[in-house]
Amino acid sequence: MKDQNSLLIERMVREMQLRNYSERSIRSYSASMSKVENFYNLPLDKITIQQFKDFLYHRITIDKISVSMVNQSISAFKIMQVDILGREWEPVKIKRPRREKRLPSVLHKEEVEQMIYQTRNIKHKALLALAYSSGLRREEIRMIKPDAIDSKTMRVKVTAGKGKKDRYTLLSTKALELLRQYYKLERPVNYLFEVQGKRGKCLAPETLNQIAKLAAKRAGIKKKISFHTLRHCFATHLLEKGINLRLIQQFMGHASIKTTSIYLHIANIHPGSVTSPLDEMNI
């Protein structure tokens, strides 16, 4: 028979499934609660707020976990306390840590161009082109299906992106051309980009990072980048072209304009290139 502790975590998993949380979040939240119970060797309903805070302190100072992981643990603990144990939640007792406000690293357009140009593997080339030209997240590229590419309206449909939200973003004509070349050669059966020799299986997250890093190395780029860098480049380069921030927010799938506004601090927009609207009037 399963112990009370495991049953509580099972109830939390079911609660999250009912709320349509992603499988990734459910795994992370349940793992977080398992760590708490194993840390104290106590049932979760016996662990106090202070004990949980001490656990977080240990994870921050000894395990050196990130701010996002701390917030994830707090969110999981809140679901356990409120929805499973039926207790009142007092946010003042567990304050979330402040996030470090670091600006993302971006590449110049010429650097992105070289990354794609220097890539000879047609699957990798098409993948990089689509990721940059549409601003897709790594997980969105992994799970994308061939029917998400709409050549009639020149849009890419993102199904159940972050927060389980659907959205449309841009489809580049050059990316479409590369995708057609790739599709004719490999004919993927399920996902648009599949593991070589394992038809129907999507690429691993780390594989995408390796593809991006190898492309950067071939292009002679010394900056430290990840696959996600291409998404930052997409937003920054659109902003530099004068595209409205609200429109970029929609393409990116950001819930808040505040998230998108970070690119205002990165975009290379010279004040000298901006003219007053009065100069366009006949007065």
Specify the closest pair of heavy atoms between Gly200 and Asn190, including all atoms of both residues, with the distance to one decimal. O-ND2, 3.6 Å

Given side chains that start at C-beta, do those of Leu130 and Phe193 come closer than 4.5 Å, heavy atoms only? yes

Between Ala212 and Leu128 the two heavy atoms that sit nearest each other are CA-CD2, 4.1 Å

Indicate yes or no for a side-chain donor-acceptor contact from Arg59 to the backbone of Ile65 under 3.5 Å, with no hydrogens or angles considered. no

Ser226 vs Thr229, test: side-chain contact (heavy atoms from CB on, under 4.5 Å). Steps then yes/no. CA-CA 5 Å; Ser226 68; Thr229 303; 3.8 Å; yes

Check for a donor-acceptor pair, side chain of Ser172 on one end and backbone N or O of Lys174 on the other, with a separation under 3.5 Å. yes

Which heavy atom of Ile262 sits nearest a heavy atom of Thr259, and at what distance? CG2-O, 3.1 Å

In Å and rounded to the nearest 0.5 Å, what is the CD to CZ distance from Gln51 to Phe39? 9.5 Å

Hydrophobic clusters here meaning ILVMFWY residues chained together by side-chain heavy-atom distances under 4.5 Å, can you tell me if Leu214 and Tyr182 are in one? no

Is a donor on one side and an acceptor on the other found under 3.5 Å between the side chain of Ser34 and the backbone of Ser30? yes

Hey, does Phe234 have a side-chain heavy atom less than 4.5 Å from the side chain of Met252? yes

With sequence neighbours excluded, residues passing salt bridge (Lys or Arg N to Asp or Glu O under 4.0 Å) with Glu139: Arg142

Can you give me the closest heavy-atom contact between Ala255 and Lys165, atom names plus distance? CB-NZ, 3.8 Å

Hydrophobic cluster identity match, Leu185 and Leu192, side-chain contacts under 4.5 Å: yes

Quick check against the 3.5 Å criterion: does Tyr263 have a side-chain atom that pairs as donor or acceptor with the backbone of Leu238? no

Pairwise side-chain contact, Ile141 with Leu203, heavy-atom cut-off 4.5 Å (strictly under): no

Validation row: Leu136, Arg231 side chains within 4.5 angstrom (heavy atoms): no

Hey, what's the ring geometry for Phe52 with Phe77, parallel, tilted or perpendicular (30° and 60° as the breaks)? parallel

Using only atom types and a distance under 3.5 Å, with no angle test, would you say the side chain of Thr236 pairs donor to acceptor with the backbone of Cys233? no

Rounded to the nearest 0.5 Å, what separation is found between the OH atom of Tyr29 and the CE atom of Met16? 5.5 Å

Please check if atom NZ in Lys223 has more than 12 non-hydrogen atoms from other residues, nucleotides or ligands closer than 6.0 Å. yes

Pairwise distance CG(Asp63) to NE2(His58) - rounded to 0.5 angstrom: 4.5 Å

With no hydrogens and no angle check, do the side chains of Ser25 and Ser22 hold a donor and an acceptor under 3.5 Å apart? yes

I'd like to know if the side chain of Arg199 and the backbone of Arg187 have a donor-acceptor N/O pair within less than 3.5 Å. yes

If you measure from the Lys or Arg side-chain nitrogens to the Asp or Glu carboxylate oxygens, is any gap between Glu194 and Lys198 under 4.0 Å? no

Of the non-hydrogen atoms in Leu171 and Arg155, which two are nearest, and what is the gap between them? CB-N, 3.6 Å

What is the minimum heavy-atom distance between Gln249 and Ser256, and which atoms define it? NE2-C, 3.5 Å

Going hydrophobic residue to hydrophobic residue with side-chain gaps under 4.5 angstrom, can you get from Tyr191 over to Leu127? no

Side-chain donor-acceptor pair under 3.5 Å between His124 and Thr119, yes or no? no

Should Arg180 and Tyr183 count as side-chain neighbours, where that means a heavy-atom distance under 4.5 Å? no

Check this for me: Asn41, atom CG, are more than 12 non-hydrogen atoms of other residues, nucleotides or ligands nearer than 6.0 Å? no

Output for pair (Ile144 CD1, Ser134 OG), nearest 0.5 Å, gives 7.0 Å

Would Ile26 and Gln17 count as a side-chain contact (heavy atoms from CB on, under 4.5 Å) if you check the C-alpha gap in whole Å, the side-chain angles of each, and the deciding distance to 0.1 Å? CA-CA 8 Å; Ile26 292 171; Gln17 288 172 336; 3.6 Å; yes

How long is the span from the CZ atom in Phe251 to the CG atom in Leu170, to the nearest 0.5 Å? 4.0 Å

Answer yes if Val82 and Leu8 sit in the same cluster of Ile, Leu, Val, Met, Phe, Trp and Tyr residues linked by side chain heavy atoms under 4.5 Å apart, and no otherwise. yes

Under a 3.5 Å distance rule, please check whether Asn244 uses its side chain to pair with a backbone N or O of Arg246 as donor and acceptor. yes

Less than 6.0 angstrom from the centroid, inside 45 degrees of the normal: does Arg138 satisfy that with respect to the ring of Phe227? no

Sidechain-backbone polar pair: Lys125 side chain, Arg120 backbone, donor-acceptor under 3.5 Å: no

Output all residues satisfying ring pair (Phe, Tyr, Trp, His ring centres under 6.0 Å) with His237, sequence neighbours left out; order by chain, then residue number. Tyr132

Tested for salt bridge (Lys or Arg N to Asp or Glu O under 4.0 Å) against Asp83, the lone hit among Arg19, Arg14, Lys78 is Arg19

Distance from Glu186 atom CD to Ile122 atom CD1, nearest 0.5 Å? 9.5 Å

Hey, are the side chains of Asp150 and Val156 touching, using non-hydrogen atoms and a 4.5 Å cut-off? no

Hey, are the side chains of Met115 and Leu107 touching, using non-hydrogen atoms and a 4.5 Å cut-off? yes

Quick one: do Leu247 and Leu239 end up in the same hydrophobic cluster if we chain Ile, Leu, Val, Met, Phe, Trp and Tyr together by side-chain heavy atoms under 4.5 Å apart? yes

Starting from the C-alpha separation in whole Å, work towards a yes-or-no answer on side-chain contact (heavy atoms from CB on, under 4.5 Å) for Leu176 and Met154. CA-CA 9 Å; Leu176 178 61; Met154 292 307 291; 3.9 Å; yes

